[in-house]
Amino acid sequence: MPVGTAGTVKAVPQDALETLGAQIILSNTYHCYLRPGHLAIGRMGGLHRFISWPWAMLTDSGGFQVFSLSKLRKVSEEGVRFQSHLDGSYHFFTPEHAMEVQIALGADIAMAFDECTEYPADRTRAEESLRLTMAWAERSLAHFRANQNQAPWAHEFPGRSQSLLGIAQGGMYRDLRRESAERLVAMDFDGYAIGGLSVGEPRDLTLEMISEVLPMLPRDKPRYVMGVGYPDEIEQYARMGVDMMDCVLPTRAARHGLLFTSEGRITIKNKQFAEDQGPPDPNCDCMVCRRYTRAYLRHLMQAGEALSGTLNSIHNLAYYLGIMRRVRESMELAESSAQS
Ligand SMILES: [Zn+2]
């Protein structure tokens with residue numbers, strides 16, 4: 001899922017996302033809540049209509065941004081009080097309120113409100129954090145189930161409703177991770193996510209936690225690993241059976257001139273590309289690689305042109321979506337040859 005922070009996948013227009021074949025995008029609840037506001041978006045028919053994206057969409061719970069961006073946050077059993085990073089105004093998020101915000105935004109998939117356990121966290125801290133996340137998961141689910149038919153578009157599409165995914169936490173402790181997964185599955189969410197990864201831990205630990213939790217999550221519901229990763233990681237996790245991932249990396253790196261290509265990563269700013277007439281990636285057929293040269297992309301970046309971020313982002317997203325497409329195709333092939 002390309003990440004659309006504030007109702008936009010930064011620098012990439014929606015028609016380009018469609019051309020790239022993006023099937024679903026992620027929008028950040030925290031950003032949309034602060035600006036322009038979930039009530040305003042709800043009055044305009046929800047996020048799909050507001051940003052003109054008729055395809056699938058997921059909103060995160062807001063929890064991760066509350067913990068990573070906001071100032072002066074104070075966590076209690078009830079919820080999180082925090083100060084906006086934009087204007088310093090005070091806000092209070094409870095699991096119930098996080099559900100109300102996500103119902104007003106109206107994405108197809110909403111996420112339970114959780115506390116993203118920081119890394120490193122000692123055992124006592126991870127246990128306490130997990131206890132809170134599990135209590136919040138129950139409250140999120142109860143409030144969501146009671147109100148899930150109230151999305152701004154509900155009257156237009158009778159019979160359709162939003163889905164809610166639970167989030168497994170537990171820090172880097174295998175038994176806490178297992179406990180988390182077990183309790184969530186018993187609550188019966190519409191799908192399950194593994195959160196609190198890619199927060200600074202070494203990669204083998206990320207893999208260990210995914211390997212621990214994934215087999216415990218039902219295969220017939222979406223299984224989502226949040227906030228990963230590098231191209232080789234997402235391929236590895238997808239082959240393990242992860243259905244969904246999101247990461248700001250392809251677009252954030254693009255704006256800094258880092259391109260992912262079939263020949264490895266390149267820093268397009270480098271002088272060696274000043275007169276390079278080749279495409280950004282010779283094995284990519286995205287709209288950028290078909291039309292523009294490395295020399296031109298380097299020039300746009302050097303000149304600080306806005307188009308730079310757009311073209312770099314489009315290519316990186318094409319690269320990421322291409323990985324996932326190939327994984328899907330090879331799995332379908334494996335399945336059909338197993339049947340025949
Ligand atoms: Zn390309």
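In listed order, ligands and their atoms are each counted from 1. Just so it is clear, the model here is predicted, and its values are computed rather than measured.
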Item to complete: Test salt bridge (charged side-chain N to carboxylate O under 4.0 Å, His left out) on Glu128 and Arg131 and set out the steps.
Response: CA-CA 5 Å; Glu128 175 53 26; Arg131 193 193 58 76; 2.9 Å; yes
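- Within the cation-pi definition used here (under 6.0 Å to the ring centroid, within 45° of the axis), Arg123 qualifies as a partner of Tyr173.
- Ring geometry, His97 versus His38: the interplanar angle exceeds 60°, so the pair is classed perpendicular (tilted spans 30 to 60°).
- Around the Zn ion (ligand 1), the protein contributes the following N, O or S atoms at distances under 2.8 Å: Cys284 SG, Cys286 SG, Cys289 SG, His315 ND1.
- Between the side chains of Arg239 and Gln236, no donor-acceptor pair of N or O atoms lies under 3.5 Å.
- Ring planes of Phe260 and Tyr320: perpendicular class, angle over 60° (limits at 30 and 60°).
- The aromatic ring centroids of Tyr292 and His315 lie 6.0 Å or more from each other.
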